[in-house]
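Values below: every heavy atom of this structure, side chains too, minus hydrogens, waters and symmetry copies.
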Amino acid sequence: MDKLNYLSDEENSEILLLYRKYQNNPESVDDNWRLFFEGYEFAQQDTSAVKSVKSSTDASARQENIDPEFKVVNLINGYRSRGHLFTKTNPVRERRTYSPTLDMENFGLVPADLETVFHAGSLIGIGASKLKDIIAHLEATYCESVGAEYKYIRTPEIVTWLEQKMEGSKNSKEFSIEEKKDILKKINSAVAFENFIHTKFVGQKRFSLEGCEALIPALNAVIECGAELGIREFVIGMAHRGRLNVLANTLGKSYEEIFTEFEGLDYDENTFSGDVKYHLGFSSVIATKGGKEIRLGLAPNPSHLEAVDPVVQGMVRSKIDQAPGADENSIAPILIHGDAAIASQGVVYEVIQMSQLKGFSTGGTIHLVINNQIGFTTNYLDARSSTYCTDVAKVTLSPVFHVNADDVEAVIYTIQLAMEFRQKFHRDVFIDMLGYRKYGHNENDEPRFTQPLLYKAIASHPNLREMYNSKLLKQGEVEADLAREMEKEYKAMLQKDLDLARQAKTKSNPNQKVIEKGKWKGLRFAEIKDFDFSPETLVEKSKLVDIGERISDLPPGKKFFDKTVRLFADRKKMIQSGDKINWAIAELLAYGTLVSEGHMVWFSGQDVERGTFSHRHAVVPVEESEEHYVPLNNIAKGQSPFYIFNSPLSEYAVLGFEFGYALSSPGALVVWEAQFGDFVNGAQVIIDQYISSAESKWRLMNGLVMLLPHGYEGQGAEHSSARPERLLQLCAQLNMQVVNCTTPANFFHVLRRQLKREFRKPLVVLTPKSLLRHERCFSAIEEFTSGGFKEIIDDAGFETGSDQVKKIVFCSGKIYFDLAARREKETRRNMAIVRIEQLYPFPEKQFQSLLLKYEKAKEFLWVQEEPANMGAWNYLQSIFPTGSFRLISRPESASPATGSYKTHEREHQQILDELF
């Protein structure tokens with residue numbers, strides 16, 4: 001077989017390999033290729049050519065017969081790879097032009113070939129056909145209301161499956177009359193809902209769906225099709241555009257409740273600040289037409305576009321891991337994007353890169369794009385460099401379908417194809433619905449200031465209901481007044497609910513029902529008294545030692561790295577002696593005791609399996625193999641699992657994922673660790689919009705743990721500070737916990753405390769670096785087998801008497817050990833050093849008791865290693881008695897730390913010198 005000149009080298013190689021496979025065994029290739037090769041060989045077996053095989057003239061004639069076949073193969077591949085550039089997918093604008101076109105002349109064919117029969121028609125499933133019929137079939141498949149991008153996919157099975165599905169149906173579907181009436185009903189609900197609100201709540205923001213109302217029948221199609229393919233639950237993430245319509249017409253949130261939110265009433269709980277109506281989440285159970293029960297959840301979201309994406313992925317993965325009988329075949333995420341956001345928000349890329357990783361995969365996401373062809377006011381040509389807003393899909397070789405949102409039947413067909421693809425291959429799939437935005441960014445915005453031509457076209461463009469109803473009337477498939485009656489009946493229902501909403505005096509917490517049932521049952525919201533003292537989190541000594549020994553054992557018969565063997569032997573000795581348990585062992589004991597008590601532990605972050613500072617070694621490789629051993633999963637039969645995964649080099653998406661995982665896992669300890677605490681600001685959006693405020697805005701509890709390595713050790717501005725000042729600035733209304741532990745035992749207890757209370761709160765731990773191996777940073781086993789977390793650690797030297805104390809030094813974290821060493825060196829007996837282990841919620845009662853104990857003290861100091869404008873000082877000034885405390889620290893600085901080790905040492909020494 002000769003090389004095909006119009007194909008790429010890769011495509012030529014594929015065809016040649018296929019032909020060789022066919023020659024060896026015709027049944028080894030796909031049916032369409034087998035038919036083509038049979039036709040190709042039949043054309044070669046021309047009688048005259050066979051009789052005169054040595055004749056150059058006859059060989060030339062034979063080649064002339066074969067060449068046109070290959071040209072048609074080129075044409076077919078041209079449509080498959082570039083047909084999406086020439087579709088009728090834009091409802092309000094002319095498409096950009098691309099060259100070369102798909103005209104047959106560009107493939108070496110001429111009009112005279114149109115009536116010629118080509119065996120290449122077998123490749124698209126129509127058998128030997130005239131060229132004009134092949135082109136018509138390709139035009140219908142690849143250049144009408146649906147454009148498909150998929151040829152970059154490197155898995156032949158997927159490419160063949162897509163081609164057979166699309167070419168076998170010409171990328172369209174015939175719907176029954178009943179199905180069309182049902183589609184019309186869904187469109188009517190979407191259109192009438194927007195019209196009703198527009199007239200009843202004039203001037204209020206709602207971020208209308210108008211211009212892309214096809215989203216509602218599209219979501220209905222996802223749910224119906226997914227249910228038939230085994231899906232039992234969908235978790236949806238979306239921004240504000242069209243959210244109210246989705247809440248009402250997809251999830252079944254009552255119209256009365258939505259209208260109450262438009263009335264701007266107070267919530268019936270004083271501690272609940274709430275959020276705007278187009279940010280709220282919701283969950284429901286609906287029945288499909290096929291009688292299947294489907295659970296739907298819409299995650300709450302902030303205005304930060306695409307921030308909800310990783311949260312949804314985490315929620316879905318949690319359900320896959322923990323819901324009885326659940327797997328990736330029964331639960332699926334749906335992410336609804338805007339065109340400007342999906343093209344520009346970096347978190348989209350991060351989430352997509354996570355989609356096939358073992359620790360983060362969710363079995364494939366359905367991505368729906370509400371493509372308004374505009375940002376706030378920015379034209380799409382100014383908003384991206386890529387051809388399409390969905391080009392990020394190519395990173396993971398995911399197929400993309402571009403579809404005209406005015407062709408609702410094409411939208412539904414595409415959705416069903418995408419859902420089938422997801423269930424078969426468990427990969428992401430993108431549907432780019434090209435529509436428009438009827439109004440400005442919100443209903444009060446004037447879009448003609450910046451887009452006069454576009455909005456002139458939109459002003460005269462009929463809505464989707466008018467267009468679809470007109471189509472059905474022309475086809476004679478619906479009664480003339482059906483759409484009018486649907487609208488009348490629907491709006492009467494809306495009016496009834498609006499009348500009820502206007503009688504309400506307050507509105508209720510939208511997530512109270514979630515808290516009262518399911519996995520959250522038995523939990524409650526925290527009160528201030530809950531933070532006076534911590535509960536007991538001790539573990540019986542025999543049990544603790546047994547767990548410690550088991551997680552320090554390596555299985556016999558497997559070869560491990562020599563240093564690993566020594567490390568585990570040292571750990572075992574440490575457990576058995578019980579007098580100097582270090583930080584790493586304390587952490588692993590916390591996880592080991594929790595999984596032994598029936599609590600799953602889920603842990604991710606960069607390099608967490610070994611630990612950034614080579615201290616954890618929770619996963620150890622078996623030498624000269626790909627096998628890994630996880631001691632914490634080998635404690636006892638029936639224990640809960642311990643999951644730990646090294647994450648991609650991402651903070652934003654991974655932390656968002658873990659927040660979502662914890663949101664659906666109140667019974668599990670969910671932990672995320674930053675490589676260095678300094679890098680956590682790469683996830684500041686998640687911290688600000690979710691971790692610190694979800695309970696206040698949405699009444700959602702979350703028990704996520706964040707481990708942030710922190711400490712000034714001369715490593716420069718980006719390896720010193722987790723920015724505790726920023727975290728503490730966010731603290732209010734008991735929204736989260738911030739601790740800086742100085743003993744392994746206290747770290748052990750604070751981790752266990754997360755699951756030993758009747759409520760859930762995010763926990764931020766400023767974790768150590770040098771203290772991991774500090775000669776004084778250890779705990780005796782008795783500290784693990786008694787008591788619980790200590791919010792304040794008093795000076796052990798003054799337990800029996802404190803009258804001689806004239807100076808009290810309060811501090812937090814690593815600097816305590818430097819202060820204690822200097823005091824010991826100088827034999828100061830009138831100075832007490834007190835550690836504030838929990839910075840927020842501040843242990844006010846314990847603090848006041850300490851002040852009473854040291855009533856003879858005359859001088860009160862707060863000592864920190866951070867600059868004066870950073871660290872905990874500004875936060876503590878509002879807590880400490882006015883004017884009575886003095887700060888000792890580094891001077892104010894724009895940068896967290898110096899880049900010079902000598903300067904670092906000098907600054908540190910100045911802190912100690914000033915105190916002593």
Side-chain angles (χ1 to χ4, degrees), residues 270-271 273 524-537 691-693 695-696 701 703 724-743 745-747 749-750 752-754 756-766 787-796 798-799 802 805 807-813 815-816 832-864 866 870-889:
N270 291 332
T271 58
S273 64
R524 60 175 176 81
F525 290 107
E527 303 173 36
I528 186 66
K529 64 181 181 181
D530 292 317
F531 295 96
D532 288 344
F533 297 93
S534 288
E536 285 194 343
T537 47
I691 292 170
S692 67
S693 57
E695 188 171 321
S696 177
M701 287 189 286
E725 65 278 0
R726 291 180 177 170
L727 294 162
L728 293 168
Q729 187 184 42
L730 293 170
C731 291
Q733 298 178 302
L734 308 177
N735 60 337
M736 58 185 185
Q737 307 155 103
V738 180
V739 305
N740 193 354
C741 301
T742 57
T743 74
N746 227 20
F747 184 47
H749 286 297
V750 82
R752 287 180 50 78
R753 188 181 72 172
Q754 279 297 91
K756 301 301 178 182
R757 296 187 293 195
E758 296 176 339
F759 55 87
R760 297 291 178 262
K761 289 285 179 188
L763 169 66
V764 180
V765 186
L766 303 174
F789 176 73
K790 297 177 180 178
E791 288 83 358
I792 295 180
I793 299 180
D794 193 5
D795 195 319
F798 301 102
E799 288 180 353
S802 57
V805 173
K807 180 186 292 188
I808 306 180
V809 177
F810 289 89
C811 65
S812 185
I815 199 168
Y816 162 76
I833 304 176
V834 178
R835 287 169 271 178
I836 306 293
E837 300 278 289
Q838 180 167 293
L839 292 163
Y840 188 85
F842 190 77
E844 184 66 31
K845 286 189 176 180
Q846 296 181 46
F847 178 70
Q848 292 299 333
S849 295
L850 269 174
L851 293 182
L852 287 174
K853 174 183 174 181
Y854 295 109
E855 60 182 353
K856 299 286 182 67
K858 302 297 183 185
E859 191 175 2
F860 302 88
L861 300 112
W862 173 256
V863 180
Q864 65 179 37
E866 300 87 358
M870 300 178 191
W873 172 243
N874 286 324
Y875 156 75
L876 290 170
Q877 283 188 90
S878 64
I879 296 171
F880 290 159
T882 305
S884 58
F885 273 72
R886 182 166 67 88
L887 169 69
I888 297 178
S889 71

Item to check | Test applied, side-chain contact (heavy atoms from CB on, under 4.5 Å); reference residue, Cys811; option that passes from Ile836, Val834, Ile833 | outcome: Ile833
Next on the checklist: So, applying side-chain contact (heavy atoms from CB on, under 4.5 Å) with Glu791, which one of Lys845, Arg835, Gln846 is it?
Outcome noted: Gln846
Kindly say whether [Y] contributes a backbone atom to a donor-acceptor pair with the side chain of [X] at under 3.5 angstrom?
{"X": "Tyr854", "Y": "Ala832", "result": "no"}
{"X": "Arg760", "Y": "Arg757", "result": "yes"}
{"X": "Asn735", "Y": "Leu730", "result": "yes"}
{"X": "Gln838", "Y": "Pro843", "result": "no"}
{"X": "Gln864", "Y": "Ile888", "result": "no"}

Next on the checklist: Can you confirm whether more than 12 heavy atoms, excluding those of Glu758, are under 6.0 Å from its CD atom?
Outcome noted: no
Donor-acceptor pair between [X] and [Y] side chains, under 3.5 angstrom:
{"X": "Thr742", "Y": "Glu837", "answer": "yes"}
{"X": "Glu695", "Y": "Gln733", "answer": "no"}
{"X": "Gln729", "Y": "Glu725", "answer": "no"}
{"X": "Asn740", "Y": "Tyr816", "answer": "no"}

Atom [atom1] of [X] and atom [atom2] of [Y]: how far apart are they, to the nearest 0.5 Å?
{"X": "Glu844", "Y": "Ser849", "atom1": "CD", "atom2": "OG", "result": "10.0 Å"}
{"X": "Arg753", "Y": "Thr537", "atom1": "CZ", "atom2": "OG1", "result": "8.5 Å"}
{"X": "Phe789", "Y": "Glu536", "atom1": "CZ", "atom2": "CD", "result": "15.5 Å"}
{"X": "Leu850", "Y": "Ile792", "atom1": "CG", "atom2": "CD1", "result": "5.5 Å"}
{"X": "Ser812", "Y": "Leu766", "atom1": "OG", "atom2": "CG", "result": "7.0 Å"}

Checklist entry - Between Asp530 and Lys761, does at least one N-O distance fall below 4.0 Å, as a salt bridge requires? => result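 No salt bridge links Asp530 with Lys761.
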Quick check: do [X] and [Y] have side-chain heavy atoms less than 4.5 Å from each other?
{"X": "Phe860", "Y": "Leu851", "answer": "yes"}
{"X": "Pro724", "Y": "Glu866", "answer": "yes"}
{"X": "Gln737", "Y": "Pro762", "answer": "no"}

Search all heavy atoms of [X] against all heavy atoms of [Y] and return the closest pair with its distance.
{"X": "Ala526", "Y": "Leu734", "result": "O-CD1, 4.3 Å"}
{"X": "Arg752", "Y": "Lys756", "result": "O-CG, 3.1 Å"}
{"X": "Phe759", "Y": "Arg524", "result": "CB-O, 2.9 Å"}
{"X": "Leu763", "Y": "Val750", "result": "CD2-O, 3.9 Å"}
{"X": "Tyr875", "Y": "Tyr840", "result": "OH-CD1, 3.4 Å"}
{"X": "Lys853", "Y": "Ser802", "result": "O-OG, 2.8 Å"}

Next on the checklist: Evaluate Phe847 against Phe842 for ring pair (Phe, Tyr, Trp, His ring centres under 6.0 Å), listing each step before the verdict.
Outcome noted: CA-CA 8 Å; Phe847 178 70; Phe842 190 77; 5.2 Å; yes
Item to check | side-chain contact (heavy atoms from CB on, under 4.5 Å) between Lys790 and Thr743, worked out | outcome: CA-CA 10 Å; Lys790 297 177 180 178; Thr743 74; over 6 Å; no
Checklist entry - Using 30° and 60° as the class limits, which term best fits the ring planes of Trp862 and Phe880: parallel, tilted or perpendicular? => result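 Because their plane-to-plane angle lies in the 30° to 60° range, the rings of Trp862 and Phe880 count as tilted.
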